[in-house]
Amino acid sequence: MQIGIVSTGTYLPEKSMTGKEIAEIAGIPTIVVEEKMGIKKKYLPGPNDHTCEMGIIAAKQAIEKAGINPLEIDVVIYIGEEHKEYPLWTAGIKLQEAVGALNAWAFDVSLRCGTTVMALKVAKSLMIADSRIKTVLLAGGYRNVDFIDYQNPRTRFMFNLGAGGGAILLKKGHNENILLETELLTDGSFSEDVVVVSGGTKNPITKEAIDQRLNKLDVLDPEGIKQRLEKKSMANFIKVVRESVKNSGYNVEDISFIAMLHMKKSAHEYVLKELGLTDQQSIYLEDYGHIGQIDQILSLELALKEGKVKEGDLVVFVSAGIGYAWGATAIKWGKVN
């Protein structure tokens, strides 16, 4: 049963921040931010760039590009962040209403920056299992930049967090851009390494907590996570790519383009080297920052504009999310007979 990507959509706010500005606020050299962290520029949310709202804009774009009536959509899966307009809220239902998918039912999924890859697997599984589900919209927004404290050196690896929205429209029986197999890995030993300490049931939000900046992202065991991640992260990153490709009936050598999340430059280059790929087979998002689970959608759209993805290409989405989660999805781009 073929399930294909009909269209995608992205939204980027008007407001942005340069690597130089980050360096000045954080009190570190500009060259470290631009070259080591790989941040030339990143996008910041404006006054109306709320999380779900950015997803709505991207979703409307995807629907318009596909040329379909939103009433054809059977399911809406919200792939944005938990940090959204309201703390206790199913954003997918709002998004469904806003785009006119009135015949659909909706729900939210979450796996940090691995959400889009995971949601593609969920969507494909639903479509295979239920004959009534023919068209699925994945959409959401991201603005976890709100939780960054630039004076906290423990969170420097997250200084790239930005804002934006993305969407993917899937259709059963669509013989183009075929969604192949997804591989996912999670490791709970990292589950409480990176958290916003205050705001949940364990440490409710208080004025004192805000004064102590406990409402910002923090790394509770910086040395421990560094040592453990060095042993596992890149290996798992490579593993999910290899497995998704193999389970799709291909070899790593068949990969034409890999859509990666933004990470430090050395890590990006390491992944390409390990997979035998060149820098022309990926896009380093140094002018966008890390827009969480939206990165893969953005990377694909940029690659299509630049001619890096062509008919017949094997494309791989790959992500890693705090928690820790790794995931990859293989896609056969173009028409398939």
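The closest side-chain heavy-atom distance from L180 to Y250 is below 4.5 Å. Between L169 and I68 the shortest side-chain heavy-atom distance falls below 4.5 Å. Between L185 and K239 there is a side-chain heavy-atom pair separated by less than 4.5 Å. The shortest distance between side-chain heavy atoms of V196 and D218 does not fall below 4.5 Å. For the pair M158 and L217, the minimum side-chain heavy-atom distance is below 4.5 Å. Taking 4.5 Å as the limit, every side-chain heavy atom of Q296 sits out of range of all side-chain heavy atoms of M260. Between E53 and E85 there is a side-chain heavy-atom pair separated by less than 4.5 Å. With contacts defined as side-chain heavy-atom distances shorter than 4.5 Å, the pair E269/D279 does not qualify.
With hydrogens and angles disregarded, no donor-acceptor distance shorter than 3.5 Å links the side chain of D130 to the backbone of L126. In terms of modelled atom types and a separation under 3.5 Å, the side chain of Q2 and the main chain of I178 share no donor-acceptor contact. Counting only distance, with no hydrogens or angles, the side chain of Q96 and the backbone of I77 share no donor-acceptor pair below 3.5 Å. Between the side chain of T116 and the main chain of I294, no donor-acceptor pair closer than 3.5 Å is present. Without hydrogens or angle criteria, Q281 side chain to T278 main chain gives a donor-acceptor distance under 3.5 Å. A donor-acceptor pair under 3.5 Å is absent between the side-chain atoms of Y150 and the main chain of G27, judged by distance alone. One N or O on the side chain of E72 and one on the backbone of N69 form a donor-acceptor pair closer than 3.5 Å. Side chain of Q293 to backbone of I79: a donor-acceptor contact under 3.5 angstrom is found. Looking at K40, its side chain never comes within 3.5 Å of a backbone N or O of G19 through a donor-acceptor pair. Distance alone, capped at 3.5 Å, places no donor-acceptor pair between the N247 side chain and the S244 backbone.
Using modelled atom types, one finds no donor on one side chain facing an acceptor on the other under 3.5 Å when comparing S16 with K41. H262 and N160 form a side-chain donor-acceptor contact under 3.5 Å, judged by distance and modelled atom types alone. A donor-acceptor pair shorter than 3.5 Å can be found between the side chains of D49 and Y11.
Among I210, L214, N215, the one residue that satisfies the side chain to side chain contact (heavy atoms under 4.5 Å, CB included) test with Q212 is L214. Among the candidates K246, K121, K124, the single residue satisfying the side chain to side chain donor-acceptor pair (under 3.5 Å) test with E181 is K124. When each of I63, N103, L102 is checked for a side chain to side chain contact (heavy atoms under 4.5 Å, CB included) with I73, only I63 meets the rule.
When hydrophobic clusters are built by joining Ile, Leu, Val, Met, Phe, Trp and Tyr residues whose side-chain heavy atoms come closer than 4.5 Å, directly or via intermediates, I168 is grouped together with V75. The same ILVMFWY cluster, assembled from side-chain heavy atoms under 4.5 Å apart, contains both L261 and M234.
Checked against the 6.0 Å centroid criterion, the rings of F107 and Y78 do not qualify as a close aromatic pair.
Between F147 and H83, the angle of the ring planes goes over 60°, which puts this pair in the perpendicular group of the 30/60° scheme.
Taking a cutoff of 4.0 Å between a charged side-chain nitrogen and a carboxylate oxygen, D74 and R132 do not qualify as a salt bridge.
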Per-pair distances, 0.1 Å, donor-acceptor, side chain in residues 301-318, under 3.5 Å, sequence neighbours excluded:
from	atom 1	to	atom 2	distance (Å)
E301	OE1	T10	OG1	2.8
E301	OE2	T8	OG1	2.6
E301	OE2	G9	N	3.3
E301	OE2	K65	NZ	3.2
K308	NZ	S282	O	3.1
E311	OE2	K335	N	2.7
D313	OD1	S256	OG	3.3
D313	OD2	K310	N	2.7

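The distance from atom CG of L179 to atom CE of M127, rounded to the nearest 0.5 Å, is 9.0 Å.
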Passes side chain to side chain contact (heavy atoms under 4.5 Å, CB included), R156 versus M37? Steps please. CA-CA 9 Å; R156 281 182 182 172; M37 296 180 183; 3.9 Å; yes
Could you go step by step and tell me if E34 and K20 meet the salt bridge (Lys or Arg N to Asp or Glu O under 4.0 Å) rule? CA-CA 8 Å; E34 292 187 342; K20 184 179 180 182; over 6 Å; no
